[in-house]
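Written below as structure tokens is the structure these notes are about.
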Amino acid sequence: MRWTKTLIPTMKETPEGAEIPSHVLMLRAGLINQVMAGAYTYLPLGLRCLRKAERIVREEMDVAGAIELLMPAITPLSLWEQTGRVEAFGDVLIQFTVRRQNRKVHMALGPTHEEVITDLVSRQISSYRQMPITLYQIQTKFRNEERPRFGVLRTSEFLMKDAYSFNPSIESLDKSYEAMYAAYCRIFDRCGLEYLPVEAESGPIGGDASHEFMIPAENGEDTVAHCRECGYAANLERAEVGARDVVPPDVALKEMATVDTPNAGTIAQVCDLLRCKPARMIKTLIYVADGKPLAVLVRGDREANEGKIRRAVGAEKLELASPEVIEKVTGAPVGFAGPVGLKQNVPVWADRDVPILRNAVTGANQADAHLVGVNPGRDFTVPKDHVADLRNAADGDPCPRCSAKLSLRHAIEVGHVFKLGTKYSDALSARFLDDQEQLHPIIMGCYGIGINRIMAGLIETNHDESGILWPMAIAPYEVFVAPLKVTDEPTMRAAQQLHDQLEELGVEVLLDDRDVRAGVKFKDADLIGIPLRIVLGPRGLQEGQFEMKWRWDDQAEMIDQSTAAATIADLVRQERADGARFRARPGK
RNA sequence: CGGGGCGUGGCGCAGUCUGGCUAGCGCGCCUGCUUUGGGAGCAGGAAGUCGGAGGUUCAAAUCCUCUCGCCCCGACCA
């Protein structure tokens, strides 16, 4: 392809509004163009990357035995009503009504396709003989993001590969799940991504029923806890905290006393006022579990984890209490709850950090007052079986699997595999007959990959001050050919010939035939990040040599004009297959 | 949903507080000459209903009211 025949609007300056590297570089390199908040046009160069990522995903899905189909983006709203997800999605679900003659048709743009595929399967699969089967599609999804952000990372319309497995048994589901998990590893490996499969919230099936594939990145929206020692990795909601101190510090116990804390209803305000550290405070949260209120104690500098609390108390549904309930339980307005002297006798649970606190600070269960010198065991007690790991992991916490420490890292979620169970097959009556003529709901798994995020994630983790560094497998073009003087006939002839030969050898070439100065070509080449750059300039041409340089190397090397095409094609093929040079590049 | 910021040729910005002349600057674009290995120089040129609507005024990019759009931060933490 000739540069002048396609559309590559590179920019020298960063458009206002773009902040994170992937967004800035995708705009500057002419990969995308913003149409509105959360919706982008993929320009020719960006589309090529997207298609390559899509192709790798498709190939590995096929290898894993998944079967491709294509569902519509528009779906009947009734399908979502049947599974209760109209409410679950809320405003995220883009729904609308159209008129058809004398009636109105209610539709929704699919944010995901469990309903549609389960509906299909409920009609077409009725025997254990038809399973297991994993069906997938690569399709545009629509979610009305409340706040689209970070360029292509969080948009209202995006390309997703979604797969669904249908199994007659848990064992069969486990196998399908493992096949997808393995396929995901191959996909992200081939894409040149450094990823981390992490344990995630597992929902109805429990156990290791869900993993997210995360790309550790500064600008990621998610947080994962990772142990570099043993490899344990989990997302923040899920991460366990390892063994903690059980012996309280040996300090003199102070008398408990009430102090005035007017209008200080937050941890920060109280600490400011009393000049104490959040770690010395006992945060008292009032929850409602299946309709019954309870109190949860967490150290002031820690975050309660609702998933852990819900599991610990064995509740179906858990939510923070309303201000009215809080007042009823504590006898005080919001902001002044504490474990000592609660007005109502509700169950009290505590995170493991709490019982070993000494001379702590906590709400006094009356307006504008806190207690100081509070000591668990003396001033209040929590039953042993009500002490558990109830908080989010924090940076430096002990690893639950070894003796090392957890580190918290931001990450971009690119993939998710999930053992669904029978939620949708129950709701939509997708049942099958086993070999004993017994009717069972089909057991499902679902598996998603955000194609756009593969691109953005790659850029986010692979760029330098000059621009993008693409791995060969995803690069929009594999070779960039730059004749420095396009008005010089022999130069252009050689460039065109190299371009044609490479294309014949199956290499994707971008020929920069613009009549611009060398510096412009070099800058743009670095910006758009094509892995191999071939320069045809006065330095080599007279000796029958081209200059070849990898995007991530500092030094170029000279190659023979006569054998250039074959040499380059070999390198490209090799790098395309294993990405070894990209991975081993200097500075990585 | 709460808070903050920004809308001025394709892109980045100044001008707005304190209303006034033909609305500027850099990049990009077009023409010509020179230049030619890391975003060239000179000369000439095209391109803007100052986000939109209404209002105040002799006069509005600038003041007032409403509105639309974009970006960032926060969102149950007692």
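First the proteins, then the strands, lettered A, B, ... as listed; each starts at 1. Just so you know, these numbers use all the heavy atoms, side chains as well, and skip hydrogens, waters and symmetry mates. Since we're looking at a predicted model, the values are computed, not measured.
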Whole angstroms only, please: what is the [atom1]-[atom2] distance between [X] and [N]?
X         : N       : atom1 : atom2 : value
Phe150(A) : rC70(B) : CZ    : C1'   : 16 Å
Arg514(A) : rG38(B) : CZ    : C1'   : 13 Å
Lys521(A) : rA40(B) : NZ    : P     : 13 Å
Arg154(A) : rC73(B) : CZ    : C1'   : 15 Å
Ile528(A) : rG39(B) : CD1   : C1'   : 14 Å
Asn219(A) : rC72(B) : CG    : P     : 11 Å
Ile8(A)   : rG39(B) : CD1   : C1'   : 16 Å

With side-chain hydrogen bond (donor to acceptor under 3.5 Å, both in side chains) as the rule and sequence neighbours excluded, what pairs involving [range] come up?
range                       : answer
residues 518-529 of chain A : Thr10(A)-Asp524(A), Arg514(A)-Asp524(A)
residues 354-376 of chain A : Thr261(A)-His370(A), Asn359(A)-Asn375(A)
residues 287-296 of chain A : none

Inset, instruction - Report the residues that fulfil side-chain contact (heavy atoms from CB on, under 4.5 Å) with Pro148(A), sequence neighbours left out, ordered by chain and then residue number. - result: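 So Pro148(A) forms a side-chain contact (heavy atoms from CB on, under 4.5 Å) with Ala37(A), Glu145(A), Ser156(A).
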Measuring only the [atom1] atom in each nucleotide, how far is [N] from [M]? A whole number of Å is fine.
N       : M       : atom1 : result
rU62(B) : rU18(B) : P     : 14 Å
rG37(B) : rG4(B)  : C1'   : 47 Å
rC6(B)  : rG12(B) : P     : 15 Å
rU57(B) : rC64(B) : P     : 16 Å
rG44(B) : rG19(B) : C1'   : 35 Å
rC63(B) : rG7(B)  : P     : 12 Å
rG48(B) : rG5(B)  : P     : 32 Å
rC70(B) : rU8(B)  : C1'   : 15 Å

Legend entry - Distance-only donor-acceptor check, side chains Asp395(A) and Ser407(A), under 3.5 Å: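 Distance-only check fails for Asp395(A) and Ser407(A).
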Legend entry - Polar contact flag, side-chain donor to acceptor under 3.5 angstrom, Gln496(A)-Arg2(A):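 Arg2(A) and Gln496(A) do have a side-chain donor-acceptor pair below 3.5 Å.
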Can a salt bridge be assigned to the pair [X] and [Y] using a cut-off of 4.0 Å between side-chain N and carboxylate O?
X         : Y         : result
Glu303(A) : Arg391(A) : no
Arg409(A) : Asp222(A) : no
Arg244(A) : Asp353(A) : yes
Glu316(A) : Arg310(A) : no

Legend entry - Cation over ring face, Arg585(A) and Phe582(A), 6.0 Å, 45°: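 Yes.
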Legend entry - Arg48(A) NZ/CZ over Tyr477(A) ring centroid, <6.0 Å and within 45° of normal: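 So Arg48(A) does make the cation-pi contact.
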Inset, instruction - Output, in order, the C-alpha distance, side-chain angles, deciding distance and verdict of side chain to side chain contact (heavy atoms under 4.5 Å, CB included) for Cys276(A) and Met281(A). - result: CA-CA 8 Å; Cys276(A) 73; Met281(A) 293 201 54; 4.1 Å; yes
Tabulated below should be each protein N or O lying under 3.5 Å from an N or O of nucleotides 26-36 of chain B; please produce it.
residue: rG26(B); atom: N2; partner: Glu13(A); partner atom: OE1; Å: 3.0
residue: rU35(B); atom: O2; partner: Arg517(A); partner atom: NH1; Å: 2.8

Legend entry - Heavy atoms of other groups near Glu543(A) CD, more than 12 under 6.0 Å: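 Atom CD in Glu543(A) is crowded, with more than 12 foreign heavy atoms closer than 6.0 Å.
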Inset, instruction - Taking atom CD of Glu221(A) as the centre, report whether more than 12 heavy atoms of other residues, nucleotides or ligands fall under 6.0 Å from it. - result: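 Counting neighbours around CD of Glu221(A), more than 12 heavy atoms of other residues, nucleotides or ligands fall under 6.0 Å, so yes.
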Let's see if you get this right: which residues in [range] place a heavy atom under 4.0 Å from RNA chain B?
range                       : answer
residues 23-30 of chain A   : Arg28(A)
residues 345-354 of chain A : none
residues 539-559 of chain A : Arg539(A), Glu547(A)

Watson-Crick or G-U wobble partner of [N], both distances under 3.5 Å:
N       : value
rG32(B) : rC42(B)
rC11(B) : rG26(B)
rC1(B)  : rG74(B)

Inset, instruction - Between rC11(B), rG37(B), rC72(B), spot the one nearest the side chain of Pro15(A), thanks. - result: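 Nearest to the side chain of Pro15(A) among the choices is rC11(B).
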Inset, instruction - Return the nearest nucleotide to the side chain of Met11(A); candidates are rC70(B), rC11(B), rG39(B). - result: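 Output: rC11(B).
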Inset, instruction - Identify, with sequence neighbours excluded, every residue that meets ring pair (Phe, Tyr, Trp, His ring centres under 6.0 Å) alongside Trp349(A). - result: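 Residues passing ring pair (Phe, Tyr, Trp, His ring centres under 6.0 Å) with Trp349(A): His386(A).
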Inset, instruction - Test Asn305(A) against Asn392(A) for side-chain hydrogen bond (donor to acceptor under 3.5 Å, both in side chains), laying out the working first. - result: CA-CA 5 Å; Asn305(A) 181 310; Asn392(A) 283 344; 2.9 Å; yes
Inset, instruction - For the pair Asp397(A) (side chain) and Ala393(A) (backbone), establish whether a donor and an acceptor sit closer than 3.5 Å, ignoring hydrogens and angles. - result: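 Judged by distance alone, no pair lies under 3.5 Å.
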Legend entry - Contacts of Ser22(A) that satisfy side chain to side chain donor-acceptor pair (under 3.5 Å) - sequence neighbours left out: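 Checked Ser22(A) against side chain to side chain donor-acceptor pair (under 3.5 Å); matches are Glu460(A).
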Legend entry - Stepwise side-chain hydrogen bond (donor to acceptor under 3.5 Å, both in side chains) check, Asn452(A) with Tyr40(A): CA-CA 11 Å; Asn452(A) 317 261; Tyr40(A) 292 85; over 6 Å; no
Collect all protein-nucleotide pairs involving nucleotides 74-78 of chain B in which both atoms are nitrogen or oxygen and the distance is under 3.5 Å.
residue: rC76(B); atom: N4; partner: Glu306(A); partner atom: OE2; Å: 3.1
residue: rC77(B); atom: O2; partner: Lys283(A); partner atom: NZ; Å: 3.1
residue: rA78(B); atom: OP1; partner: Ile267(A); partner atom: N; Å: 3.3
residue: rA78(B); atom: O3'; partner: Gly335(A); partner atom: O; Å: 3.3
residue: rA78(B); atom: O2'; partner: Gly335(A); partner atom: N; Å: 2.9
residue: rA78(B); atom: O2'; partner: Gly335(A); partner atom: O; Å: 2.8
residue: rA78(B); atom: O2'; partner: Phe336(A); partner atom: N; Å: 2.7
residue: rA78(B); atom: O2'; partner: Ala337(A); partner atom: N; Å: 3.2
residue: rA78(B); atom: N7; partner: Thr284(A); partner atom: O; Å: 2.9
residue: rA78(B); atom: N6; partner: Ile286(A); partner atom: N; Å: 3.4
residue: rA78(B); atom: N6; partner: Ile286(A); partner atom: O; Å: 3.0

I'd like a list of close polar pairs between nucleotides 5-9 of chain B and the protein, N/O only, cut-off under 3.5 Å.
residue: rC6(B); atom: O2'; partner: Glu16(A); partner atom: OE1; Å: 3.3

Inset, instruction - Mind checking Thr14(A) for me? I need base, sugar-phosphate or nothing, with any heavy atom below 4.0 Å counting as a touch. - result: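 Here Thr14(A) touches the backbone only, sparing every base.
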